[in-house]
Amino acid sequence: MLARNFQLSAGLCVDKRQRSGEAASRLEKSPQATGAFLRTAWHKRCRRLAAAVAAAVPCLAALVPAGAAGQDPRTHGALGGEASGAEAPSTEVSSVRIGAVSCVPAAQCSPDPRQVAKHGTLLLEGEGLSAGMAVAFPRTPGDNITSSSPVAHLRQEGSNLELTVPLRARSGYITVLLRDGQHSNFAGPIEVLPRVPNSSAPEGVSPEGSSTLEGQGMWIWHVSASDGGDIAAIAAQAHAAGVGTLFIKSSDGSQRWFSQFSPELVAQLHADGLKVCAWQYVYGTHPAAEAALGARAVDDGADCLVIDAEAQYEGRYAAAQRYLADLRAKIGAAYPLGLTSLAYVFQHPAFPYSVFLGPGGAQFNLPQMYWKDIGVSVNSVFATTYAGNDVYGRPIFPLGQTFGGVSAGEVLHFRRDALQYGATGTSFWDFEETRSSGWGALAEPLAPLGSSAPLSSSTTASGGVGAVSSDTPASASASASASASASASASASASASASASASASASGGGPANTHVHAVAQPDLGLGAKGDPVLWMQEHLARAIPAQETTGRFNTATRRNLIAFQSAHAIAPSGRTNAATWAALLALSPVAVDWTGSPPKG
């Protein structure tokens, strides 16, 4: 009772300070007023009371042993946890019960159903469970559940209730947190591991992340400008248009968008049956801080994280490596990570695609294929984008546009082309700028491939470059927004040796995308330069260690490439045709440390 009285009294002081916080914020511009505010009588009393509590703790510890008075040992000491604004669990109820907990899907789990990886998926069964409920995990192995414990929210997956294990979760017993300090029974113990042993999922590949990107997605820049910030209305609009995943901005550079991306937002959208991915705009000037904010969004419950790196990252190879190393150290090697960037690789030779999409980088590629913004047709943006991006070997999920006055027919054309190129998911920028005709085009069912005539290449997008802010995926750099004739020229010179990707894969290597449509391979030769050359050199150096990784296709590179072709029974042309790319991409690229200087190309 004495301990409870102390706790209540201390809580009263905390509550009074919180209620007075609004007044304090109004005084923050006046240091003198702020100082006077902090020297009030009630503040002094709180400080004296806190000292009394601290002095009494040893006595209380001796009087009340762990597990005494019928208290569950898994919640004993919970009232001493860090304050988070929510009352610590103290009363177990019988109306909500966890009956069974198991890791899913089987391909990502061990034979022990209670072993799960960080950010893995758990299936919960029981009584009184519903989507949106908060499930608490220990913060340290075997720890008690407190008001500061990591929490995941249940979401509806068909007829199942599932959750994603928080990155800060540790092994031990879990419980459902309810209102007024109540909680369900405890289930477990659950063993949370960095990676589940004997899982059939390869390192760095996440089927869960792929499924998040499959189907149709919509990007949100400002939640407040999307259906007025009404989350229920946003979810209803998404469902009506066949959108299953929302990509919501979580940070800009080293600044977090606290008021927009939050665990509460994620939980509400999960409860509405939607997947939620965070996206952060990065500049490369503060890579460590940007990585920390990306990890924070993951910890807030994001189903995936998408890096939005654009023109500001050109030439910043070392910064890209630092950012990814820090980010992966925080979120793990298998967490689903995507890259969205400038679609036309050959117009951005200094952008570190090979770092962002290389080993340890993003598993998924979402190029910004804004055909009208660039000034080309839908067919052209697909041909040029895939010609440059396909060799990086990451599944491509085309990002199209519903802004800028595009027609419903163009949106349908984009969706249809995506199917022909083998994409299993598309998304569109952006919610707040999408008109009713755009929503209607997204809701329109698509006929299966083969049920209609091939798309005509005569459909073009008219109009110039849209005037958009440079801190959004809707922006394209001046070079990426060049005239249609310039784009066609770049595409022709870079993609002369067209061949189906399926045949490249059949040769033992090649891109990760399976296409119905033929996709060109970069035809690189003497004098070429840029990141595609660098990517080729990193693979060639695996077979010929003397090969330098400079990003410049010089005579030494040509000589080594001819030797490689001869060794693989490929006509020694000294150029990267489809067969050469297939043989090169069957090798893993050598690791390059870019600390100090970027590639010369």
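Counting from 1, the numbers follow the sequence of the chain as shown.
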To the nearest 0.5 Å, tell me how far F403 CZ sits from T434 OG1.
10.0 Å
Between W219 and S427: side-chain donor-acceptor atoms closer than 3.5 Å
yes
Let me see the working for V96 and E127 under side chain to side chain contact (heavy atoms under 4.5 Å, CB included), right down to the final yes or no.
CA-CA 5 Å; V96 178; E127 300 175 5; over 6 Å; no
Please answer whether the main-chain N or O of G400 pairs with a side-chain N or O of W371 as donor and acceptor at a distance below 3.5 Å.
no
Mind listing the closest non-hydrogen atom pair of A235 and L269 along with its distance?
CB-CD2, 4.5 Å
Would you confirm whether Y335, through its side chain, and C304, through its main-chain N or O, come within 3.5 Å as a donor-acceptor pair?
yes
Non-hydrogen side-chain atoms of L122 and V165 separated by less than 4.5 Å:
yes
How close do H413 and V378 get, heavy atom to heavy atom, and via which atoms?
CD2-CG1, 3.8 Å
Look only at the side chain of Q216 and the backbone of T245, and say whether a donor-acceptor pair between them is shorter than 3.5 Å.
no
Considering all heavy atoms, the nearest A343-N389 contact
O-ND2, 3.0 Å
List the residues meeting salt bridge (charged side-chain N to carboxylate O under 4.0 Å, His left out) with R322, not counting sequence neighbours, and say none if there are none.
D326
Parallel, tilted or perpendicular: which one describes the rings of F364 and F397, with boundaries at 30° and 60°?
perpendicular
Would you indicate whether the side-chain heavy atoms of F247 and V276 approach each other to under 4.5 Å?
no
Going by salt bridge (charged side-chain N to carboxylate O under 4.0 Å, His left out), name the residues that satisfy it together with R97, two or more places apart in sequence or in a different chain.
E92
Distance-minimising heavy-atom pair for S254 and A289
CB-CB, 3.9 Å
Is there a donor-acceptor contact under 3.5 Å from the side chain of Q115 to the main chain of D112?
no
Any chance you could measure S341, atom OG, to I307, atom CD1, to the nearest 0.5 Å?
10.0 Å
Between E310 and Q368: side-chain donor-acceptor atoms closer than 3.5 Å:
yes
Side chain to side chain contact (heavy atoms under 4.5 Å, CB included) between L274 and H270, intermediate numbers included:
CA-CA 5 Å; L274 293 169; H270 278 170; over 6 Å; no
Should the pair F382 and F414 be assigned to parallel (<30°), tilted (30 to 60°) or perpendicular (>60°) ring geometry?
tilted
Would you kindly say whether D252 and Y283 are connected by a side-chain donor-acceptor distance under 3.5 Å?
yes
Looking at side-chain heavy atoms only, is the closest gap between T164 and D303 below 4.5 Å?
yes
CD1 of I331 to CZ of R296: how many Å apart, nearest 0.5 Å?
15.0 Å
With a 4.5 Å limit on heavy-atom distance, are the side chains of I98 and V176 in contact?
yes
Please check if any side-chain donor atom of T175 sits under 3.5 Å from a side-chain acceptor atom of S184, or the reverse.
yes
Looking only at atom types and distance, does a side-chain atom of R114 sit under 3.5 Å from a main-chain N or O of E191, one as donor and one as acceptor?
no
Set out, in order, the CA-CA distance, both residues' side-chain angles and the distance that settles side chain to side chain contact (heavy atoms under 4.5 Å, CB included) for D390 and T385, then state yes or no.
CA-CA 8 Å; D390 206 42; T385 298; over 6 Å; no
Criterion ring-ring contact (aromatic ring centres under 6.0 Å, His included) on F431 and W439, from CA distance to verdict:
CA-CA 9 Å; F431 197 112; W439 289 115; 4.8 Å; yes
Hey, what do you get for CD (Q156) to CG (L161), rounding to the nearest 0.5 Å?
4.5 Å
Taking all heavy atoms of D272 and all of I231, pick out the closest pair and write down the distance.
OD2-O, 4.4 Å
To the nearest 0.5 Å, atom CG of L339 lies from atom CG of L305 at 11.0 Å
To the nearest 0.5 Å, tell me how far Y370 OH sits from F428 CZ.
11.0 Å
Under 3.5 Å, is there a donor-acceptor pair between the side chain of S171 and the main chain of V192?
yes
What pairs with E157 under salt bridge (charged side-chain N to carboxylate O under 4.0 Å, His left out), at least two apart in sequence or on another chain?
R155, K275
With side chain to side chain contact (heavy atoms under 4.5 Å, CB included) as the test, would you mind laying out the steps for L154 and L124 before giving the verdict?
CA-CA 8 Å; L154 289 174; L124 268 65; 4.0 Å; yes
Would a distance-only check, ignoring hydrogens and angles, find a side-chain to backbone donor-acceptor pair under 3.5 Å from S149 to T146?
yes
What do the steps show when you test Y392 against W535 for ring-ring contact (aromatic ring centres under 6.0 Å, His included), and what is the final call?
CA-CA 8 Å; Y392 291 103; W535 186 238; 5.3 Å; yes
Partner set under side chain to side chain contact (heavy atoms under 4.5 Å, CB included) for P141, not counting sequence neighbours:
R170
Quick check against the 3.5 Å criterion: does S226 have a side-chain atom that pairs as donor or acceptor with the backbone of G229?
no
Find out whether L446 and L412 are in side-chain contact, i.e. whether some heavy atom of one side chain is under 4.5 Å from a heavy atom of the other.
yes
Quick one: does any side-chain atom of D180 pair with a main-chain N or O of Q182 as donor and acceptor, under 3.5 Å?
no
Pairwise side-chain contact, V116 with I190, heavy-atom cut-off 4.5 Å (strictly under)
yes
Would you please name every residue forming a salt bridge (charged side-chain N to carboxylate O under 4.0 Å, His left out) with D299, sequence neighbours left out?
R168
What closest approach, in Å, do A238 and L246 show between heavy atoms, and which atom pair accounts for it?
CB-CD2, 4.4 Å
Side chain to side chain contact (heavy atoms under 4.5 Å, CB included) with A225: which residues, sequence neighbours excluded?
H222, E432
Taking the side chain as every heavy atom from C-beta outward, state whether Q108 and T121 have any atom pair closer than 4.5 Å.
no
Note, W429 side chain near T402 side chain (heavy atom, < 4.5 Å):
no
Can a donor-acceptor pair be found between the side chains of N160 and E125 at a distance below 3.5 Å?
no
Any chance the rings of Y421 and Y386 have centres within less than 6.0 Å?
yes
So, does Q280 use its side chain to make a donor-acceptor pair with the main chain of K249 at under 3.5 Å?
no
